[in-house]
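Reviewing the structure listed below.
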Amino acid sequence: MPPTPEMSTETKERIIKLLKEGKSSHSVAQDVGCSQSAVSKTWTKYKQHGKVVKGMHTGRPRKTSKRQDRRLKAICLENRKCTTKQMRNKWEETGVNEMGFTYRNAKRKPSLTPKQTKTSDESRICIGKRVNFHTIERMFGDDEIIFQDNASCHMAKTVKTFLAERQIRSMSLPANSPDLNPIENLWWKLKKMVHDKAPACKADLATAIRESWSQIDEEYCLSLIKSVPQRLQAVIKASGGATKY
């Protein structure tokens, strides 16, 4: 149940006035439009403090006023890619007190080497309410690196053990960065080809997936892998924002 809103000071003062006039708590509750227990609690607190008091508020107190919130919103809307450090600087330039925000330097990433890479991912293709998962297994050599996102199925302990036992090196991608994973483009192409075949049942879907997968040539896959350096440069140029990939 949602929390009950706090009774206003005016309502509490009216409760005290009616009770002093000799009315019962039941009639006061009906007159004010609250429960009888609320009337009793208000009267008890009034007798303890000798005046109407506001209820105790739990939780962390606010650090900004409504005016400061509006200013912060305006700063964010000026540039949606603005960092916390830049927002703090703009905040201080306006003469408002410091927000108390902190910023962190990005961790240095290792440079990619021109070694053969392979990607690992999963995708789903649906017919109506049916969901079918298409999984692809690959063999890896000594100088190959597997690209994986941070999905739970990739970061599971069993998966890490599997890769370690076979001495397969992996490179995890930053969170929410599908444009850095070339296999996402491969899934898009596969889904489009399957959609064009318009499968009507599960058997047709399985056939369409196999036929579409066999029609994707190796040159297309290699072009996606070779695009990784350009993808990295595009993300850097966009300061982490969206890219054409």
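Note: hydrogens, waters and symmetry copies are ignored here, and every other heavy atom, side chains too, is used.
- For the 3.5 Å distance criterion, the side chains of Thr11 and Ser8 qualify, holding a donor opposite an acceptor.
- With values rounded to the nearest 0.5 angstrom, Ser25 atom OG is found 11.5 Å from Leu18 atom CG.
- You'll find the side chain of Ile16 reaches within 4.5 Å of the side chain of Trp43, heavy atoms only.
- From Arg210, atom CZ reaches atom CD of Gln215 across 14.0 Å, with rounding to the nearest 0.5 Å.
- Tyr46 and Lys20 share a side-chain donor-acceptor pair at under 3.5 Å.
- Ionic pairing of Arg14 and Asp31 is present here: one or more N-O contacts between side-chain nitrogen and carboxylate oxygen are shorter than 4.0 angstrom.
- Ser27 approaches Ser24 most closely through the heavy-atom pair OG-O, 2.8 Å.
- Taking all atoms of both residues into account, the shortest heavy-atom contact from Val52 to Lys12 is CG1-CB, 3.6 Å.
- Counting heavy atoms from C-beta outward, Leu19 and Val39 have side chains that approach closer than 4.5 Å.
- Rounding to the nearest 0.5 angstrom, the gap separating the NE2 atom in His195 from the NZ atom in Lys191 is 12.0 Å.
- For Lys226, the NZ atom sits in a loose shell: 12 or fewer heavy atoms of surrounding residues, nucleotides or ligands are nearer than 6.0 Å.
- Counted within 6.0 Å of CD on Glu21, heavy atoms from surrounding residues, nucleotides or ligands total more than 12; the atom is thus considered enclosed.
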Start with the C-alpha gap between Asn181 and Trp187, add the side-chain angles, then the distance that decides, and say whether side chain to side chain contact (heavy atoms under 4.5 Å, CB included) holds. CA-CA 11 Å; Asn181 194 350; Trp187 290 136; over 6 Å; no
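- Remark: Gln30 CD to Lys23 NZ distance equals 11.0 Å, nearest 0.5 Å.
- Side-chain atoms of Thr161 and Thr158 form no donor-acceptor pair, as typed in the model, at a separation below 3.5 Å.
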Verify salt bridge (Lys or Arg N to Asp or Glu O under 4.0 Å) between Lys73 and Asp69, making sure each step is shown before the conclusion. CA-CA 6 Å; Lys73 180 179 179 180; Asp69 290 341; over 6 Å; no
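- Contact detail for Met7 and Thr42: the closest heavy-atom pair is SD-OG1, 4.3 Å.
- Remark: side-chain polar atoms of Ser212 are not paired, donor with acceptor, to backbone N or O of Ile209 under 3.5 angstrom.
- A distance of 9.5 Å separates CD1 of Ile216 from CG of Leu224, quoted to the nearest 0.5 Å.
- Both tests hold for Lys189 against Tyr220: distance to the six-membered ring centre under 6.0 Å, angle to the ring axis within 45°.
- Taking NZ from Lys244 and CD from Gln230, the interatomic distance works out to 8.5 Å, rounded to the nearest 0.5 Å.
- When hydrophobic clusters are built by joining Ile, Leu, Val, Met, Phe, Trp and Tyr residues whose side-chain heavy atoms come closer than 4.5 Å, directly or via intermediates, Trp188 is not grouped with Ile183.
- Heavy atoms only, all atoms of each residue included: Pro199 and Val194 are closest at CD-O, 3.3 Å.
- Within 6.0 Å of NE2 in His26 there are 12 or fewer heavy atoms belonging to other residues, nucleotides or ligands.
- Looking only at side-chain heavy atoms (C-beta outward), Thr44 and His49 stay at 4.5 Å or farther from each other.
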